[in-house]
Amino acid sequence: MVTLNVNGRTFEVDATPDTPLLWALRDDLKLKGTRFGCGAGMCGACTVHIDGQATFSCQMTIGDAEGSEITTIEGLSADGTHVVQQAWITEQVPQCGYCQSGQIMRAAALLAHNPQPSRQEIVDEMSANLCRCGTYTRIIRAIERAAQEG
Amino acid sequence: MTMQTINATRRDFLKGSGALSFALLATGGVAVLPSAAEAQPLPDGKVNAWVTITPDNRVTIMFGSAEMGQGVSTSLPMIVAEELDADWSMVASQQVSTDPEGVYGNPMAGGILFAAGSSSIEGYFTYLRQAGAQARQILIQIAAAHWAVPAEEVTTRSGTLHHDPSGSSMTYGEVAALPEPAWPSGEMADATLKPRTDWTIIGTDVERLDIPAKTTGATEYSIDVDLPNMVHAALLLPPVEGEIPTLTSDTAARAIDGVVDVIVMDHAVAVLARNFPAALAGRDALDVSWTETSPYRHANSEDELIALSGAVDDMSADAVVWESRGDGQVDFTGANVFTGNYTTEHVYHAQMEPLNAVASVDADGMGAEIWLGTQSQTASIMIAAAVLGTTPDRIRFHAMQMGGAFGRRTVFAREQMRDALLLSRASGRPVKVVWTREDDVKNGWLRPATVHRLDAVLDAEGCPTALRHRVASPSIFQFAMPDRWNPETRLDLLVMEGAESSDYAFGTFQAEHVLVPRQSRLSAWRGIGWAPNCFARECFLDELAERTGSDPVSYRRRLLAGSPRALAVLDAAVEMSDFGNAPEGRAHGLAFAGYKKTLATGVAEVSYEDGQLRVHRFWTAIDPGIVIHPQAYRAQVEGGILFGLSSVLRERSTFSGGRIDQSNFYDYEPIRISEIPEMEVQFVDSGEPPSGGGEIGVPMTAPAIANAVRKLTGAAQRHLPFPGRA
């Protein structure tokens with residue numbers, strides 16, 4: 001039994017400590033907005049915040065996540081109105097949408113640490129996340145908008 | 001379109017129902033359907049209707065093509081809403097999952113539910129306009145009868161009916177709430193369609209209906225489906241296609257906490273577990289031996305490229321003629337003949353959501369409920385029925401939003417669904433089959449490698465008087481759709497389309513396909529045949545222009561002189577990019593490439609930085625006919641350009657000993673955000689009917705970049721992906 005603090009709530013998860021956080025979130029806590037893309041830390045679809053840091057949840061065990069504050073896309077805002085989420089709608093970023101939870105979580109962490117990132121800083125940070133539909137141009141625009149409006 | 005009879009026995013459907021529904025018939029007419037309460041329910045409980053209006057003024061519009069990111073959940077309903085004169089802010093849309101009566105299918109896809117080849121908007125456009133217009137006409141007639149005024153005096157504006165002489169008005173929702181509406185009877189002629197100048201929805205950038213849920217994680221893909229008592233399955237798949245497993249021991253697997261069962265299938269060994277990590281751990285613990293009898297265990301992509309190169313140059317090799325124009329016999333051996341060979345390697349789809357399926361088979365084994373992301377609901381249902389040996393009416397199907405598709409989820413996406421069905425039937429429980437990324441990469445159905453040989457006979461001015469485009473490749477069609485493969489004609493449009501180069505006047509022209517046996521599993525990839533074929537042709541033409549001292553634009557202008565639409569996109573791209581005037585250290589390259597009726601020209605601006613190719617900017621002028629949703633169309637083009645660029649930079653699947661060599665995104669890495677160019681998309685409005693946008697970004701991109709690199713470095717680029725550092 002592992003205790004996880006997710007989106008401000010405490011959960012007891014009946015799984016071994018070496019279970020990847022991704023699968024505990026998805027299958028035990030039913031927080032499906034965190035996506036499985038590669039299981040290898042290569043695509044970022046599973047990005048969540050661990051104590052405010054953008055982290056691949058497929059590469060972290062629940063044992064290691066115990067004691068940390070975990071935030072998923074479902075906990076980023078109560079009603080989808082985080083400045084990054086709103087910028088994502090204004091710029092009409094998503095296509096298939098599958099990678100977008102991870103993109104939004106990474107962008108939100110970036111802006112929390114660096115409220116006015118340069119274009120190059122945005123690109124450097126977001127290079128961790130893949131989008132096969134090719135929404136990258138709009139991702140940059142949305143982050144710049146969120147930085148302006150945030 | 002024909003006159004349509006409204007079924008008089010349905011005139012009182014509205015009594016007490018509180019909702020109006022309209023169904024578009026296969027003939028293009030409109031039928032009125034009862035609301036959910038009174039409907040003849042279909043097996044999944046849905047009412048078969050395109051439009052439903054409820055007393056709260058909400059308008060729900062069904063859409064047939066499956067949503068995979070291309071925006072059809074918004075753009076198809078926009079077409080209906082335009083002619084219906086709906087208030088767009090009240091419109092919601094709903095995916096069609098099943099079509100037992102054949103009313104929702106894409107007319108361009110033989111009337112089945114099938115989203116591929118950029119066919120959704122083109123196929124449904126006229127059909128859905130008529131559906132919306134006739135629905136509006138019915139509302140007008142009901143209102144006119146209610147007010148006892150002539151129908152000709154009733155008008156509509158944004159979800160409201162008006163009778164201006166009397167000052168009466170009511171909303172569409174109020175019509176739906178009428179206790180006893182006077183239903184129009186008799187035959188209904190085709191409704192008059194709005195002139196384009198009156199459009200208020202088509203051509204606007206309304207917010208896409210699918211986007212808010214995609215920013216909160218709420219969108220549900222099939223991989224997210226959870227059912228009571230469901231188990232998660234991980235499959236140990238054959239190391240080489242076609243090998244058969246023998247289970248030596250599953251003792252260690254069964255000992256793993258959470259593992260529920262181990263099931264040996266014909267083609268795989270499945271571990272069923274309470275959660276996916278346990279299923280994976282169980283799979284790792286299996287001891288399985290495989291037959292070594294597959295003909296593909298010696299398949300090797302290097303050898304295949306050599307075989308393709310040999311076949312394309314072997315003029316005695318049997319070739320299927322795809323297109324022929326002008327006089328037949330041409331001597332391609334003279335001194336004025338120029339030849340170029342071009343190669344594209346295998347590529348993998350890399351859709352972000354790994355392939356998966358959820359199935360719950362009925363207790364009698366003869367029916368099932370299925371959740372699947374698929375480009376064809378109709379084909380998936382037929383396959384599911386065949387797997388269970390049952391009839392399609394026993395399949396309750398949920399078409400889920402797809403986490404990308406790009407050709408991987410067309411009629412070919414059947415393995416996971418088949419396995420989920422078989423495992424659910426065997427275990428008596430709902431089963432979710434999920435492929436890991438490694439499963440997805442190693443069991444890819446690849447776009448085949450192609451080798452192209454182009455020969456041109458040039459006149460004194462360097463223009464072709466004859467041109468031949470030979471393509472050597474295995475057949476996608478023969479492998480992926482064997483039941484529709486014609487062994488007599490052997491025409492494979494998935495490989496050959498685009499090679500016809502129909503906008504060009506080459507004098508005598510022939511495109512032909514040298515079929516070579518496959519060595520891997522195959523499917524179409526975004527851009528389909530057009531991407532490899534346009535790459536070869538557009539690189540070749542640029543080389544011809546250079547060889548004859550002409551510039552790429554005027555050379556093409558001569559060859560495209562018979563196609564005003566082609567000239568228009570060529571000229572627009574030249575102008576918007578200031579073609580040929582690249583900044584110091586950079587170069588421009590250009591390519592004209594269509595996709596079916598959509599025409600485009602792309603211009604790339606490139607340089608090498610530290611020996612690494614960098615595409616700085618990409619401009620494109622596109623004539624797609626009428627654009628329904630410009631913003632979503634641009635998004636499709638941007639995505640297509642990045643697919644094309646990614647195939648230039650490094651995308652390549654290789655295999656040896658019948659096994660794909662790559663495993664995950666660390667050795668098959670699609671383009672990242674740090675590598676993208678600035679992109680500018682401009683529409684050239686010919687006023688033609690809409691002709692699609694999903695593929696068009698791809699075919700122009702690789703040749704435009706290749707031509708820019710040749711301009712910059714002097715070295716022709718004839719191989720995708722490019723060989724790497726300059």
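Proteins get letters first, then strands, A, B, ... in listed order; numbering begins at 1 in each.
Nearest heavy-atom pair, A/Ser101 versus B/Gly217, reported as atom, atom and distance to 0.1 Å: OG-CA, 3.7 Å. Among all heavy-atom pairs drawn from A/Ser57 and A/Thr34, the shortest one is OG-CG2, 3.5 Å. Residues B/Thr436 and A/Phe36 come closest through the heavy atom pair CA-CZ, 3.9 Å. For the residue pair A/Cys38 and B/Asn664, the shortest heavy atom distance occurs at O-ND2, 3.0 Å. Of all the heavy atoms in B/Ala233 and B/Ala279, the pair that sits closest is C-CB, 4.4 Å. Here the shortest heavy-atom pairing between B/Arg409 and B/Glu353 reads NH2-O, 3.0 Å.
For chain A, the nearby part of B/His232 is the side chain; its heavy atoms alone come within less than 4.5 Å. No part of B/Val441 comes within reach of chain A, as not one of its non-hydrogen atoms sits under 4.5 angstrom from that chain. The contact between B/Gln401 and chain A is made entirely by side chain atoms (from C-beta outward), counting heavy-atom distances below 4.5 Å. Both the backbone and the side chain of B/Asp224 have a heavy atom closer than 4.5 Å to some heavy atom of chain A. In this structure, chain A has no heavy atom under 4.5 Å from any part of B/Ile641. Heavy atoms closer than 4.5 Å to chain A are found nowhere in B/Asp440, neither backbone nor side chain. At a 4.5 Å heavy-atom cutoff, the contact between B/Met402 and chain A is made by backbone atoms alone. Of the atoms belonging to B/Ile223, heavy atoms from both backbone and side chain fall under 4.5 Å from chain A. With a threshold of 4.5 angstrom between heavy atoms, B/Ser646 approaches chain A through side-chain atoms but not through N, CA, C or O. Interface residue B/Leu642: only side-chain heavy atoms are found under 4.5 Å from chain A.
With contacts defined as side-chain heavy-atom distances shorter than 4.5 Å, the pair A/Ile50/A/Leu21 qualifies.
Contacts with chain B (heavy atom to heavy atom, under 4.5 Å) involve these residues of residues 116-126 of chain A, listed by number: A/Val123, A/Met126. Scanning residues 128-150 of chain A against chain B with a 4.5 Å non-hydrogen threshold yields A/Ala128, A/Asn129, A/Leu130, A/Arg132, A/Cys133, A/Gly134, A/Tyr136, A/Thr137, A/Arg138, A/Ile139, A/Ile140, sorted by number.
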I would like to know whether B/Ile676 and B/Glu638 meet side-chain contact (heavy atoms from CB on, under 4.5 Å); could you show each step before the answer? CA-CA 10 Å; B/Ile676 66 167; B/Glu638 291 164 9; over 6 Å; no

Does B/Val358 form a side-chain contact (heavy atoms from CB on, under 4.5 Å) with B/Val431? I'd like the steps, not just the answer. CA-CA 6 Å; B/Val358 179; B/Val431 173; over 6 Å; no

Test side-chain contact (heavy atoms from CB on, under 4.5 Å) on A/Phe11 and A/Thr3 and set out the steps. CA-CA 6 Å; A/Phe11 297 90; A/Thr3 305; over 6 Å; no

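Although no hydrogens or angles enter the test, the distance criterion places a donor-acceptor pair under 3.5 Å between the side chain of B/Arg672 and the main chain of A/Ser127. A donor-acceptor pair is defined here as one N or O able to donate and one able to accept, closer than 3.5 Å; such a pair exists between the side chain of B/Arg526 and the backbone of B/Gly694.
The most heavy-atom pairs under 4.5 Å with chain A, out of B/Glu675, B/Gln636, B/Arg437, come from B/Arg437. Ranked by heavy-atom pairs under 4.5 Å with chain B, the list A/His82, A/Gln92, A/Gln85 is led by A/Gln92. Options A/Arg35, A/Gln100, A/Gln103, A/Glu74 differ in how many heavy-atom pairs under 4.5 Å they form with chain B, and the most are formed by A/Arg35. With chain A as the partner, the residue from B/Lys214, B/Glu669, B/Gln70, B/Glu220 showing the most heavy-atom pairs under 4.5 Å is B/Lys214. Chosen from B/Met68, B/Glu67, B/Arg208, the residue pairing most often with chain A at heavy-atom distances under 4.5 Å is B/Arg208. Listed options B/Gly403, B/Pro670, B/Ala635, B/Ala278 were ranked by heavy-atom pairs under 4.5 angstrom with chain A; first place goes to B/Ala635. No other option in B/Ala218, B/Gly639, B/Ser663 has as many heavy-atom pairs under 4.5 Å with chain A as B/Gly639. Each of A/Cys99, A/Pro94, A/Ala15, A/Gly33 has some count of heavy-atom pairs under 4.5 Å with chain B, and the biggest count is that of A/Pro94. When the candidates B/Ile671, B/Asn275, B/Val434, B/Asp210 are compared by the number of heavy-atom contacts under 4.5 Å with chain A, B/Ile671 comes out ahead.
Within 6.0 Å of CG on B/Asp226 lie more than 12 heavy atoms contributed by other residues, nucleotides or ligands.
In this structure, OG on B/Ser222 lies 6.0 Å from CG on B/Leu372, to the nearest 0.5 angstrom. Atom CG of A/Leu22 is separated from atom CE of A/Met60 by 13.0 Å, given to the nearest 0.5 angstrom.
Below 30°, between 30° and 60°, or above 60°: for B/Phe406 and B/Phe643 the angle between ring planes is between 30° and 60°, a tilted geometry.
A salt bridge links B/Arg274 to B/Asp257: at least one charged side-chain nitrogen sits closer than 4.0 Å to a carboxylate oxygen. The residues B/Asp205 and B/Arg634 are annotated as not salt-bridged, no charged nitrogen and carboxylate oxygen being separated by less than 4.0 angstrom. Comment: B/Arg447 does not engage B/Glu651 in a salt bridge, judged by the lack of any side-chain N to carboxylate O separation of less than 4.0 angstrom.
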